[in-house]
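For reference, the structure is listed below as C-alpha cells.
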Amino acid sequence: QVLLVESGGGLVQAGGPLRLSCAASGNFSSINVRGWYRQAPGKQRELVAGISSSSTTDYADSVKGRFTISRDNAKNTLYLQMNSLKPEDTAVYYCNANAKIRPWSSKATDYWGQGTQVTVSS
C-alpha cells in the first residue's frame, strides 16, 4: 500500500506565501512523487506543477513565476512553495505519485493523497 499525506494548507491572505508538503510512505519497490494538482469547486482537477525523475519541472501558466515545486528523494517528500497567492488559487491541493509495488513486476500505479485545503482571502 502507498500512502500520500499532504500538509501545510490553510487560510492565507492574498499576496502571502504557503508551503505544502506531501510525504509518501508504504510498501513499494520504487516511487516517483511527481506532481501537485488542485481542484476548485465546480472545476476539473488540474495539474499545478510537476517534476520528473530527472527533476525537470512544469507549471500551469497561471502559477508560473509564483509557485516552485521541489522534491527530497531521500525522504520521498514533495513540496510546493506558493508565493504571491491569489484568491483564484483557492482549491483543494492533491499530491500524485506513481509507484511500483513489487520489484519483479513492471506494473506501476498512480496514487493520490486526500488533499489539503488552501483558501486565499482577498
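Because the structure is predicted, anything quoted here is derived from the model rather than measured. Heavy-atom basis, side chains included; hydrogens, waters and symmetry copies ignored.
Closest heavy-atom contact between G115 and V92: CA-CG1, 3.8 Å. The nearest pair of heavy atoms linking L20 to G8 is CD2-C, 3.6 Å. Between A24 and L4, the shortest heavy-atom distance links the atoms CB-CD2, 3.5 Å. For I69 against A49, the heavy-atom pair with the smallest separation is CD1-O, 3.5 Å. For S122 against P87, the heavy-atom pair with the smallest separation is CB-CG, 3.9 Å.
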- Evaluation steps, side chain to side chain contact (heavy atoms under 4.5 Å, CB included), between Y93 and E6: CA-CA 8 Å; Y93 285 70; E6 301 98 336; over 6 Å; no
- Item | CA sep, side-chain torsions, deciding dist, call: S55, R71, side chain to side chain contact (heavy atoms under 4.5 Å, CB included) | CA-CA 8 Å; S55 298; R71 180 176 58 221; 3.9 Å; yes
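Rounded to the nearest 0.5 Å, atoms CH2 (W104) and OG (S29) are 9.0 Å apart. Rounding to the nearest 0.5 Å places CD of Q114 at 13.5 Å from OG of S7. Once rounded to the nearest 0.5 Å, the distance linking SG of C95 with CG of L78 reads 5.0 Å. Distance check, rounded to the nearest 0.5 Å: CG of N32 to OG of S53 gives 6.0 Å. Interatomic distance, N98 CG to I31 CD1, rounded to the nearest 0.5 Å: 8.5 Å.
Cluster annotation: V120 and M82 are assigned to the same hydrophobic cluster (Ile/Leu/Val/Met/Phe/Trp/Tyr, side-chain heavy-atom contacts under 4.5 Å, transitive). Cluster annotation: L47 and V33 are assigned to distinct hydrophobic clusters (Ile/Leu/Val/Met/Phe/Trp/Tyr, side-chain heavy-atom contacts under 4.5 Å, transitive). Linking ILVMFWY side-chain heavy atoms closer than 4.5 Å, directly or via other members, places L80 and Y37 in two distinct hydrophobic clusters. Cluster membership for Y111 and F28, using ILVMFWY side-chain heavy atoms within less than 4.5 angstrom, is shared.
Using modelled atom types, no side-chain atom of T77 and backbone atom of D72 make a donor-acceptor pair closer than 3.5 Å. T57 places no side-chain N or O within donor-acceptor distance of the main-chain N or O of I51, the cut-off being under 3.5 Å. At distances below 3.5 Å, not a single donor-acceptor pair connects side-chain atoms of R102 with backbone N or O atoms of K107.
The salt bridge (charged side-chain N to carboxylate O under 4.0 Å, His left out) check on R38 picks up E46, D89, with sequence neighbours excluded. Among residues two or more places apart in sequence or in another chain, the side-chain contact (heavy atoms from CB on, under 4.5 Å) test is passed with V12 by L18, L85.
Side chains of V2 and I101 form a contact here, defined as non-hydrogen atoms less than 4.5 Å apart. Contact of the V63 side chain with the W36 side chain is not registered, since no non-hydrogen atoms from C-beta on lie closer than 4.5 Å. Q117 places a side-chain heavy atom less than 4.5 Å from the side chain of T90. Put simply, the side chain of P17 reaches to within 4.5 Å of the side chain of Q81, judged on heavy atoms.
Annotation: ring pair (Phe, Tyr, Trp, His ring centres under 6.0 Å) contacts involving residues 40-90, sequence neighbours excluded, are absent.
Salt-bridge formation is not detected for the pair R34/D58: no Lys NZ or Arg NE/NH1/NH2 atom is positioned less than 4.0 Å from an Asp or Glu carboxylate oxygen.
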